[in-house]
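Worksheet: the structure to be examined is printed underneath.
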Amino acid sequence: MKVLVAGGNGQLGRELVARSPEGWQVTALGSGEMDIRDREAVSRIIDELQPNLVINVAAYTAVDKAESEPDLAYALNGHGVAHLAEAAKTAAAKFIHISTDFVFDGRNYTPYRLADRPNPVSVYGASKLEGERLALAFCGSDALVLRTSWLYGAQGQNFVTTMLKLMAARDALRVVADQIGTPTWTGGLSDAIYRYAGLEVSGIQHWSDAGVASWYDFAVAIQEEALALGMLEREIPLEPICTEEYPTPARRPAYSVLDKSESWRLLGIQAPHWRVNLRKMLKELKKL
Ligand SMILES: NC(=O)c1ccc[n+]([C@@H]2O[C@H](COP(=O)([O-])OP(=O)(O)OC[C@H]3O[C@@H](n4cnc5c(N)ncnc54)[C@H](OP(=O)(O)O)[C@@H]3O)[C@@H](O)[C@H]2O)c1
């Protein structure tokens, strides 16, 4: 299997490289090697490499900044995806594109199913929805769009690494408690992506770890697990707050849990509870 990963320097990109199946040839390119906004460069590189599979984890992921840079967000999360999908189609490669729970508006109170209508409340979410549409339009039956949520991994900047730094430096923290989703370890997601690569599945699917949490619950778990592993020296008070008390430029869905039942059926595996994977990630991080 010859795989091209677009966005290879990101947290998910690095994990995909680290966990690539034995015998698979994985080429991971960062923005310096393949700028997905450059249609010709994307087409040339994919034509030269002739992969069987293109995985896109390159994206404009700065949710708040996207509100003031919509053109850039759409250039990457929309048009960039179209360039990759088009070139993958020409090379007869399968295309797996990663999308987000932020395509939903968060008004649900039960997990979002595949049939639920997206209705993004931010520029980031809208640009990612446009990417989903373009992936399927350009690559059709060879494209799989995999939505996921609240990603973190040992390699990269994310909520876990930020919390660990803040918990070590501050005497108390306030964390939003009224946004509900599912933290998802990039390690488990990478394994799921590679499993999907072996199946003839197209269209949209959902993958995240199991269970639900607020950012506050997630922070509490991070502190407890990190203390148990000796990664923090002392416990600090964590205060649950409302979204209004922590205003941000971008709106975020209040509830964005994904229904993964179809993925679990197709892949024949069930994701572990997010806290199990949090422990795995922290152990990995401790070793780095
Ligand atoms: N993070 C989350 O919580 C979350 C949740 C749900 C879904 N997702 C989705 O999951 C995917 C992976 O996210 P992530 O957290 O791994 O993101 P990330 O760490 O922010 O990585 C994104 C990568 O995109 C690359 N990139 C930026 N501009 C580019 C360009 N013009 N051409 C090519 N590559 C470019 C960057 O490459 P360089 O470093 O080389 O510049 C960066 O490494 C994304 O599709 C994201 O939307 C993320």
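In this text the structure is predicted, and so the values were computed from the model without any measurement. Ligands are counted one by one from 1 in listed order, and the atoms in each one are counted from 1 as well. Computed over heavy atoms, backbone and side chain alike; hydrogens, waters and symmetry mates excluded.
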For [X], take its heavy atoms, then give the atoms of ligand 1 lying under 4.0 Å from any of them.
X	value
Arg37	31 (N)
Gly30	40 (O)
Tyr124	8 (N), 46 (C), 47 (O)
Thr148	6 (C), 7 (C)

Protein contact of [atom] - nearest heavy atom, named by residue and atom, plus distance:
atom	result
atom 33 (C) of ligand 1	Met34 O, 3.2 Å
atom 5 (C) of ligand 1	Trp150 N, 3.7 Å
atom 15 (O) of ligand 1	Gln11 NE2, 2.9 Å

Does only the side chain of [X] get under 4.0 Å from ligand 1, or the backbone, or both, or neither? Count heavy atoms.
X	value
Leu76	side chain
Tyr60	neither
Ser99	backbone
Gln157	neither
Phe159	neither
Thr61	side chain

Do [X] and [Y] have side-chain atoms, one donor and one acceptor, less than 3.5 Å apart?
X	Y	answer
Trp264	Gln270	no
Asp178	Tyr255	no
Thr184	Asp209	no
Gln179	Thr243	yes
Ser43	Arg39	no

Practice prompt. Please find out if less than 6.0 Å separates the ring center of Tyr196 from that of Trp207.
Written response: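 Not close enough - the centres of the two rings lie 6.0 Å or further apart.
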Discussion item. Would you call the rings of Phe102 and Tyr124 parallel, tilted or perpendicular, taking 30° and 60° as the class edges?
Written reply: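 Phe102 vs Tyr124 ring planes: perpendicular.
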Practice prompt. Considering non-hydrogen atoms only, spot the tightest contact between Ala219 and Met163 and give its length.
Written response: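 For Ala219 versus Met163, the nearest heavy atoms are CB-SD, 4.0 Å.
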Practice prompt. Sort out for me which residue in Phe218, Tyr216, Trp185 forms a ring pair (Phe, Tyr, Trp, His ring centres under 6.0 Å) with Phe159.
Written response: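 Single ring pair (Phe, Tyr, Trp, His ring centres under 6.0 Å) partner of Phe159 among Phe218, Tyr216, Trp185: Phe218.
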